[in-house]
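Each remark here refers to the structure printed beneath this line.
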Amino acid sequence: MRVLVTGGAGYIGSHTCVALIEAGYTPLVLDNLCNSSPVSLDRVAQISGTRPQFIEGDVRDAALLTGLFESHDIAAVIHFAGLKAVGESVEQPLAYYDNNVSGTVTLLQAMQNAGVNRIIFSSSATVYGDPASVPIREDFPLSATNPYGRSKLMIEEMLGDLHLAHPDWRIARLRYFNPVGAHASGLIGEDPQGIPNNLMPYITQVAIGRRDKLRVFGGDWPTPDGTGVRDYIHVMDLAEGHVAALDYLLKNEGLFTVNLGSGQGYSVLQMLHALGRASHQTLAHEIVARRAGDIAECWADPAAALALLGWQTRRSLDDICADAWRWQQANPMGYAE
Ligand code: NAD
Ligand code: UD1
């Protein structure tokens with residue numbers, strides 16, 4: 001069964017292609033490569049024995065999408081394509097609304113015209129803003145503090161409206177917590193351009209010697225060790241969550257929204273020490289000022305995903321660090337080598 005995977009050459013998309021192939025699905029990747037390398041798909045082929053079909057193109061290209069749906073029998077769409085850097089979204093809001101919101105409108109219109117009505121959307125825990133308590137349930141209040149988060153909220157609402165008007169649509173809104181780690185082969189992983197914004201790729205670059213030390217954003221948060229706490233989810237657990245959502249949508253009607261997280265929070269220092277253990281080093285750090293827009297703690301109540309999809313995370317913090325380190329060691333400069 002063929003599944004269109006927009007953004008399938010990217011970090012989560014490439015891992016999801018592996019999980020889809022392993023589950024017997026046929027991914028068809030559409031990606032404009034604005035934040036990824038086609039080498040990731042060579043590596044997917046190496047891991048899975050199957051090369052995903054790849055179309056280089058943009059989700060905002062209506063004519064391309066029309067042709068694509070006409071010429072391929074597509075059962076469902078997993079929609080990863082979009083921009084994801086919070087700071088950049090503050091500086092370039094229109095690029096974010098264009099790529100993320102307009103891109104999704106164009107995709108949904110093409111799906112509707114083609115009679116394809118099953119979609120899985122990449123939302124984010126960022127839609128909970130600064131939550132009043134943890135763990136976070138799906139019925140918590142939603143808010144956005146930056147254009148990236150607002151684009152995710154807008155798309156979630158758009159999908160809700162679409163389902164109200166057309167109840168035959170089958171829609172999954174998946175709210176990811178913090179995706180980290182890499183495939184256990186070390187062949188695919190996260191390959192950020194420039195200085196990483198996110199914690200784990202920064203730490204692995206310290207471990208490999210590309211950065212001198214981790215700057216810890218705040219040591220005075222109201223958390224056990226004073227550093228920020230997050231729900232880090234192994235990217236292969238996340239990928240398998242998409243397969244579970246797809247299996248569900250093929251069998252059941254409706255729209256559903258679930259957290260994809262582990263239900264467990266770890267602090268910045270716990271993550272640094274765990275990667276230090278995996279790489280057999282003591283990793284240097286310095287406590288600096290808090291980063292604007294950060295929150296103290298954020299982790300999921302993952303019960304809904306278990307109840308609805310039968311899915312929960314299987315991989316531990318040590319698995320995350322071992323796999324992230326294997327990827328970083330084998331690919332010190334990412335896919336560029
Ligand atoms: P990524 O940048 O690695 O992957 C996104 C892919 O989409 C890239 O390959 C990029 O080239 C492609 N793309 C972007 N705009 C496109 C367009 N207009 N047309 C076609 N392709 C386009 O990011 P990721 O970490 O794999 O994230 C995937 C999705 O999950 C994104 O929507 C992101 O917002 C969401 N998400 C990510 C995280 C995270 O921490 N990684 C957390 C929550 C949600
Ligand atoms: C970031 C995004 C959020 C997105 C989420 C999931 C921001 C402000 N928010 O959140 O929208 O949904 O990723 O991927 O970018 N940290 C350091 N030093 C660093 C980097 C991070 O101390 O160099 C700390 C942060 O303060 C935080 C934790 O590490 O406490 C995790 O940071 P990060 O990986 O950027 O993720 P989030 O802040 O959760």
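No hydrogens, no waters, no symmetry mates; every other heavy atom, side chains included, goes into these values. All ligand and atom numbering here is 1-based and tracks the order in the structure.
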message: Taking distance alone, with N or O pairs closer than 3.5 Å, would you say Leu199 contacts ligand 2?
response: yes
message: Using a 4.0 Å cut-off to any heavy atom of Gly10, which atoms of ligand 1 qualify?
response: 3 (O), 4 (O), 9 (O)
query: Using heavy atoms and a threshold below 4.0 Å, how should the contact between His79 and ligand 1 be classified: side chain, backbone, both, or neither?
result: neither
- request: Mark yes or no for whether Ser151, through its side chain, and Val101, through its backbone, hold a donor-acceptor pair below 3.5 Å.
  value: no
query: To which protein heavy atom is atom 14 (O) of ligand 2 closest, and what is the distance rounded to 0.1 Å?
result: Pro179 CD, 4.0 Å
task: Output yes when Arg277 and Asp318 qualify as a salt bridge under the 4.0 Å nitrogen-oxygen rule, no when they do not.
output: yes
- request: State the NE2-OG distance between His183 and Ser48, to the nearest 0.5 angstrom.
  value: 8.5 Å
query: Got the closest protein heavy atom to atom 35 (O) of ligand 2, with its distance?
result: Arg291 NH2, 2.8 Å
- request: Could you tell me whether some N/O pair between Phe80 and ligand 1 is separated by less than 3.5 angstrom?
  value: yes
- request: Quick one: look up the protein heavy atom nearest atom 31 (C) of ligand 2 and list residue, atom name and how far away it is.
  value: Tyr232 OH, 3.4 Å
task: Flag yes if more than 12 heavy atoms outside Asp73 fall under 6.0 Å of its CG atom; otherwise flag no.
output: no
- prompt: Do any nitrogen or oxygen atoms of Tyr11 lie less than 3.5 angstrom from nitrogen or oxygen atoms of ligand 1?
  reply: yes
- request: Do me a favour and list the nearest non-hydrogen protein atom to atom 5 (C) of ligand 2 with residue, atom name and distance?
  value: Asn178 ND2, 4.3 Å
- prompt: Is there a side-chain hydrogen bond (donor to acceptor under 3.5 Å, both in side chains) between Arg175 and Tyr128 once you walk through the steps?
  reply: CA-CA 10 Å; Arg175 295 181 180 152; Tyr128 296 114; 2.9 Å; yes
- prompt: Can you tell which of Cys298, Ala85, Ser124 gets a heavy atom nearest to atom 12 (O) of ligand 2?
  reply: Ser124
task: With heavy atoms only and a cut-off of under 4.0 Å, state how Met200 meets ligand 2: side chain, backbone, both or neither.
output: neither
Val86, Ile233, Ile12, Thr126: member with heavy atom nearest to atom 7 (C) of ligand 2: Val86
- prompt: Is the closest heavy-atom distance from Glu190 to ligand 1 below 4.0 Å?
  reply: no
query: Any idea which of Asn197, Asn35, Asp61 brings a heavy atom closest to atom 2 (O) of ligand 1?
result: Asn35
task: Answer with yes or no after comparing the ring centroid distance for Phe80 and His242 against a 6.0 Å cut-off, counting only values under it.
output: yes
task: Determine whether the side chain, the backbone, both or neither of Asn99 has a heavy atom under 4.0 Å from any heavy atom of ligand 1.
output: side chain
statement: In ligand 1, the atoms that come under 4.0 Å of a heavy atom of Leu33 are 11 (O)
field: Protein heavy atom at shortest distance from atom 24 (C) of ligand 2
entry: Val268 CG2, 3.6 Å
- prompt: Counting distance only, does the side-chain N/O of Gln193 pair as donor-acceptor with the main-chain N or O of Asn35 below 3.5 Å?
  reply: no
message: Which option wins on minimum heavy-atom distance to atom 5 (C) of ligand 1: Ser36, Gly82, Ser123?
response: Gly82
message: Students should be able to answer this: which protein heavy-atom is nearest to atom 18 (N) of ligand 2, and at what distance?
response: Arg215 O, 2.7 Å
query: Can you name the closest pair of heavy atoms from Gly254 and Leu249 and give their distance?
result: O-CD2, 4.4 Å
- prompt: Would Ser40 count as a contact of ligand 1 if the rule is a heavy atom under 4.0 Å away?
  reply: no
- prompt: Starting from atom 34 (O) of ligand 1, which protein heavy atom do you reach first, and at what distance in Å?
  reply: Tyr148 OH, 2.8 Å
query: Does Asp301 come within less than 4.0 Å of Arg137, counting only side-chain N to carboxylate O?
result: no
query: Purely on distance, is any nitrogen or oxygen of Lys84 under 3.5 Å from one on ligand 1?
result: yes
field: Selection residues 324-335 - residue pairs positive for salt bridge (charged side-chain N to carboxylate O under 4.0 Å, His left out), sequence neighbours left out
entry: Asp323-Arg326
- prompt: Would Ala125 count as a contact of ligand 1 if the rule is a heavy atom under 4.0 Å away?
  reply: no
message: Distance under 4.0 Å to a non-hydrogen atom of Ser122: what atoms of ligand 1 satisfy this?
response: 29 (C), 30 (O), 32 (O), 35 (C)
query: In terms of atom number and element, which parts of ligand 2 are under 4.0 angstrom from non-hydrogen atoms of Gly228?
result: 30 (O)
Under 4.0 Å to a heavy atom of Cys34 - the qualifying atoms of ligand 1, by number: 10 (C), 11 (O), 13 (N), 14 (C), 15 (N)
query: Members other than Met271 in its cluster, when Ile, Leu, Val, Met, Phe, Trp, Tyr link by side-chain heavy atoms under 4.5 Å?
result: Val180, Ile195, Leu199, Met200, Tyr202, Ile203, Val206, Ile208, Leu214, Val216, Tyr232, Tyr266, Val268, Leu269, Leu272, Leu275, Leu283, Ile287, Leu317, Ile320, Trp325
field: Shortest protein heavy-atom distance from atom 10 (C) of ligand 1, along with the residue and atom involved
entry: Asp31 OD1, 3.4 Å
- request: Go through the steps for Glu88 and Tyr148 under the test side-chain hydrogen bond (donor to acceptor under 3.5 Å, both in side chains), then give the verdict.
  value: CA-CA 9 Å; Glu88 186 184 66; Tyr148 167 70; over 6 Å; no
- request: Could you check which of Phe217, Trp221, Phe177, Tyr266 puts a non-hydrogen atom nearest to atom 20 (C) of ligand 2?
  value: Phe217
- prompt: Purely on distance, is any nitrogen or oxygen of Asp294 under 3.5 Å from one on ligand 2?
  reply: yes
Atom indices of ligand 1, in the order listed, that fall short of 4.0 Å to a heavy atom of Lys152: 31 (C), 32 (O), 33 (C), 34 (O), 35 (C)
- line: shortest atom 13 (N) of ligand 1-to-protein heavy-atom contact is with Asn32 OD1, 3.4 Å
task: Identify the two heavy atoms, one from Gly129 and one from Pro131, that lie closest to each other, and give their separation to 0.1 Å.
output: O-CD, 3.1 Å
query: Among protein heavy atoms, which lies nearest atom 1 (C) of ligand 2, and at what distance?
result: Asn198 ND2, 3.6 Å
query: Can a non-hydrogen atom of Tyr11 be found less than 4.0 Å from any atom of ligand 2?
result: no
- prompt: So, for Pro302 and Gly261, which heavy atoms are closest and what is the spacing to 0.1 Å?
  reply: CB-O, 3.5 Å
message: My understanding is that we take every heavy atom of each candidate and find the minimum distance to atom 39 (O) of ligand 2. Doing that for Arg230, Glu297, Arg290, which one comes out nearest?
response: Arg230
- request: Could you give me the CA-CA distance, side-chain angles and deciding distance for Arg230 and Asn198, then say whether side-chain hydrogen bond (donor to acceptor under 3.5 Å, both in side chains) is met?
  value: CA-CA 12 Å; Arg230 298 290 184 274; Asn198 296 114; over 6 Å; no
- prompt: When only distance counts, is Ile12 in polar contact with ligand 1, meaning an N/O pair under 3.5 Å?
  reply: yes
- prompt: With a 4.5 Å heavy-atom cut-off, do His234 and Arg314 have their side chains touching?
  reply: no
field: Sole candidate of Arg173, Glu156, Lys152 that passes side chain to side chain donor-acceptor pair (under 3.5 Å) when paired with Ser123
entry: Glu156
message: What I want to know is whether Val59 and ligand 1 share at least one N or O pair that is separated by under 3.5 angstrom.
response: yes
task: Could you check if a side-chain atom of Thr223 sits within less than 4.5 angstrom of a side-chain atom of Ser267, using non-hydrogen atoms only?
output: no
message: Once you measure the plane-to-plane angle for His285 and His273, does it fall in the parallel (<30°), tilted (30-60°) or perpendicular (>60°) bin?
response: perpendicular
